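A short write-up of the structure that comes next.
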Amino acid sequence: VQLQASGGGLVQAGGSLRLSCAASGRTFRRYVMGWFRQAPGKEREFVAAISWSGGSTNYADSVKGRFTISRDNAKNTGYLQMNSLKPEDTAVYYCAAANWRYTDFTRADVKDEYDYWGQGTQVTVSS
């Protein structure tokens with residue numbers, strides 16, 4: 001599956017952005033989708049994940065209550081709504097898809113579980 005992330009940009013602290021992840025190739029609805037981010041000089045870190053049905057979600061503690069992950073399988077697209085943005089949210093954001101191998105969702109925050117990655121979209125939050 002090929003993934004194309006978009007929607008990044010420059011926003012002031014407290015503002016909002018919605019990232020999109022368009023999938024093509026294999027059937028998107030069969031895959032768990034995740035969002036990760038990487039700030040300069042830091043490791044890529046987990047942000048959020050959603051199961052293939054949308055029934056399960058998982059968030060990093062740093063974004064809980066501010067970010068919402070969703071997906072529209074009919075459109076082969078996933079989303080990350082980001083509200084109340086902070087300067088520390090500045091990073092390149094990547095979407096990823098996983099052919100899920102487990103019966104639960106506990107490893108959804110592990111980047112090595114993901115098989116496909118998009119190219120990333122820059123999010124910059126000014127103070």
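Excluded from the calculations below are hydrogen atoms, water molecules and symmetry mates; all remaining heavy atoms, backbone and side chain alike, are included. Numbering of residues begins at 1 and proceeds along the displayed sequence. These figures come from a predicted structure and were not determined experimentally.
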Measure the [atom1]-[atom2] distance between [X] and [Y] for me, rounded to the nearest 0.5 Å.
| X | Y | atom1 | atom2 | value |
| --- | --- | --- | --- | --- |
| Leu80 | Phe36 | CG | CZ | 12.0 Å |
| Ser127 | Gln12 | OG | CD | 9.5 Å |
| Ser6 | Tyr93 | OG | OH | 15.0 Å |
| Lys111 | Gln38 | NZ | CD | 8.5 Å |
| Ser126 | Leu10 | OG | CG | 5.0 Å |
| Asn76 | Arg71 | CG | CZ | 9.0 Å |

Are the side chains of Arg101 and Asp115 in contact, using a 4.5 Å heavy-atom criterion? yes
So if I apply the side chain to side chain contact (heavy atoms under 4.5 Å, CB included) rule between Asp89 and each of Leu17, Val125, Val11, Val47, which one comes out positive? Val125
Between [X] and [Y], is there a shared hydrophobic cluster once you connect ILVMFWY residues whose side-chain heavy atoms come closer than 4.5 Å?
| X | Y | answer |
| --- | --- | --- |
| Tyr102 | Val32 | yes |
| Trp117 | Val92 | yes |
| Tyr114 | Phe105 | yes |

Examine distances only and state if a side-chain atom of Gln119 and a backbone atom of Ala5 form a donor-acceptor pair shorter than 3.5 Å. yes
Looking at Tyr59 and Gly65, would you say the former's side chain and the latter's main chain have a donor-acceptor pair under 3.5 Å? no
Between Ser16 and Gln81, which heavy-atom pair has the shortest distance, and what is it? CB-NE2, 4.0 Å
Considering all heavy atoms, the nearest Ser62-Arg37 contact: OG-NH2, 3.5 Å
Verify side chain to side chain contact (heavy atoms under 4.5 Å, CB included) between Leu3 and Tyr94, making sure each step is shown before the conclusion. CA-CA 9 Å; Leu3 304 173; Tyr94 298 89; over 6 Å; no
Go through the steps for Met82 and Trp35 under the test side chain to side chain contact (heavy atoms under 4.5 Å, CB included), then give the verdict. CA-CA 12 Å; Met82 306 186 295; Trp35 287 94; over 6 Å; no
What orientation do Tyr31 and Tyr116 show, parallel under 30°, tilted 30 to 60°, or perpendicular over 60°? perpendicular
Trp52 atom CH2: more than 12 heavy-atom contacts under 6.0 Å: no
Just by distance, with hydrogens left out, do Thr124 and Gln122 show a side-chain donor and acceptor under 3.5 Å apart? yes
Between Arg30 and Val1, is a side chain to side chain contact (heavy atoms under 4.5 Å, CB included) present by the stated rule, with each step listed? CA-CA 11 Å; Arg30 297 179 181 174; Val1 62; over 6 Å; no
If you apply the rule side chain to side chain contact (heavy atoms under 4.5 Å, CB included), what do you find for Lys75 with Ser20, and how did you get there? CA-CA 11 Å; Lys75 295 182 178 180; Ser20 297; over 6 Å; no
